[in-house]
**Student:** 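Before we start, here is the structure in question, set down as structure tokens.
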Number of protein chains: 2
Amino acid sequence: MPRQVDHDERRRRLTEALLRIAGTRGLQAVSMREIAAEAGVSLRVVQYYFTNKQALLESGLAELGARMDRRVRQRAAATAGGLSTRGLFAAVLGAILPSDEQSRLDSLAWTAYYTAALTDPALAATGLTLPNALEDFLTERFAIAQQAGDVDADRDPRIEVAALLALANGLTSSVLSRQRSHEAAAAIIDYHLDRLFGPASTLRPPPG
Amino acid sequence: MPRQVDHDERRRRLTEALLRIAGTRGLQAVSMREIAAEAGVSLRVVQYYFTNKQALLESGLAELGARMDRRVRQRAAATAGGLSTRGLFAAVLGAILPSDEQSRLDSLAWTAYYTAALTDPALAATGLTLPNALEDFLTERFAIAQQAGDVDADRDPRIEVAALLALANGLTSSVLSRQRSHEAAAAIIDYHLDRLFGPASTLRPPPG
DNA sequence: GTTGTTAGGATACGACTGTATCCATTCAGG
DNA sequence: CCTGAATGGATACAGTCGTATCCTAACAAC
């Protein structure tokens, strides 16, 4: 075998270049040639490691999902002591909200993908499945906390969770458009978590 | 002067064609030729009545704003008797949520514009100004209702209004992706209005 | 050293984009 | 009637797009 190259590493670099473009100039600015330039390689290399533009886009979407997952776990791990239900919700919702430059770029790219998926059936198949799973998971946790008496009995778990996730998404959109700062958005989420769970008992996990 | 044509009417038809494409196939599918085909005219006609593609896109954005405004007023007018604070909020939030096929298409187009504006400074200038004005207006109304004793004194008007608007936006996004039905989203909004203002006192205005 | 596969540079193809130009038709004002 | 502006059909132009092809360099296996 001739000169061997780490294909996964090459693909990772190209995917990162793609997401950099999508986050700064939008998904419509993503072309094979732009990705090549951003990654500092030739067009042929991009073609060589991805059969299609479609494959490239799917790789970008997968990477975004992986990064989001990593952020949630990081925030959950940063919570001192065992993770309370409120801590879990704060971790998830805090991870959704863009908090630094990197997560802002990722969030922009995610929004671009989501919007594209609304009118592109090819992307819709892979891109719009995560929210439901997350909602179900959090609803279950919320219901358990409620049965334990940590939440008022008259709250509807399914509605509360759906609302919190929709709220985080709506706030994200306003943070991306710079209508609101990250801190203002985080305060709004805290305000609602306070109403649901009572005032926070421990230190807030650090942003990032 | 030779054969005279109603320019405003022509421009309106072309703008409608543009929004039809943006709502069904996305903003990236909008080209001068596609608009011409959708409107049943030649490419030259599109060029004749709009100097630029830019001008065409701005016209689409303006039309979307006008339609949204019309929907809010319609819902407000449909409310029996004088408009209560809750009625106002229900009208505005209900108008944001896509409720029929037409408002769904408009909402999709709006989302496409909003996403594009996040990375396109030309669109950002005209497109991202409405939300703030609406938020200020509703916050004022909310504060007045609170001083009149119609809302609990410990609610923060600015936060509550910002959260309601973000909630409506987030729910809209979930309705567009068919993660949730319009009815489910409307129920979530009602649930929160009930918590804020107490249970609804009058009939809910009809959808549409 | 020859061979054969892997890795990529260079270039080309047809489709599509926004925009510009050329030209024919229509019809009111003189 | 005739002239000139309004309207729009047809076509061209320079770019960019995704993709395909051709060809060369590198290097492990034999």
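Only heavy atoms go into these numbers, but all of them, side chains included; no hydrogens, no water, no symmetry mates. Naming convention: chains lettered A, B, ... in sequence-line order (proteins, then strands); numbering from 1 in each chain.
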**Student:** Would you mind reading off the distance between A:Gln28 atom CD and C:dT17 atom P, rounded to a whole angstrom?
**Tutor:** 15 Å

**Student:** Would you mind checking if B:Glu140 and B:Arg158 are paired as a salt bridge, meaning a charged N to carboxylate O distance below 4.0 Å?
**Tutor:** no

**Student:** Provide, to the nearest angstrom, the distance between the CZ atom belonging to A:Phe50 and the C1' atom belonging to C:dG8.
**Tutor:** 16 Å

**Student:** Give a yes/no on whether any side-chain N or O of B:Tyr49 is located under 4.0 angstrom from OP1 or OP2 of D:dT7.
**Tutor:** no

**Student:** I'd like to know if A:Asp106 and A:Arg71 make a salt bridge, using a cut-off of under 4.0 Å between side-chain N and carboxylate O.
**Tutor:** yes

**Student:** For nucleotides 16-21 of chain D, just jot down a letter per nucleotide in 5' to 3' order: B, S or -, based on protein non-hydrogen atoms under 4.0 Å.
**Tutor:** -BBBBB

**Student:** Strictly below 4.0 Å, N to O, side chains only: are B:Asp69 and B:Arg73 in salt-bridge contact?
**Tutor:** yes

**Student:** Could you pull out every donor-acceptor pair under 3.5 Å between side chains of residues 47-63 of chain A and any protein atom, sequence neighbours left out?
**Tutor:**
unit_1, atom_1, unit_2, atom_2, d
A:Lys53, NZ, A:Val30, O, 3.0
A:Gln54, NE2, A:Glu58, OE2, 2.9
A:Ser59, OG, A:Thr15, OG1, 2.7
A:Glu63, OE2, A:Arg67, NE, 2.8

**Student:** If you compare every side-chain N and O of A:Tyr48 against the phosphate oxygens of C:dA7 (OP1, OP2), does one of them come in below 4.0 Å?
**Tutor:** yes

**Student:** Does C:dA7 have OP1 or OP2 sitting under 4.0 Å from an N or O in the side chain of A:His7?
**Tutor:** yes

**Student:** Quick check for you: among C:dG8, D:dG9, C:dA7, whose closest atom lies nearest to any side-chain atom of B:Val45?
**Tutor:** D:dG9

**Student:** Below 4.0 angstrom, N of the basic side chain to O of the carboxylate: do A:Arg86 and A:Asp194 qualify?
**Tutor:** yes

**Student:** Which label fits A:Phe197 and A:Phe89: parallel for a plane angle under 30°, tilted from 30 to 60°, or perpendicular past 60°?
**Tutor:** tilted

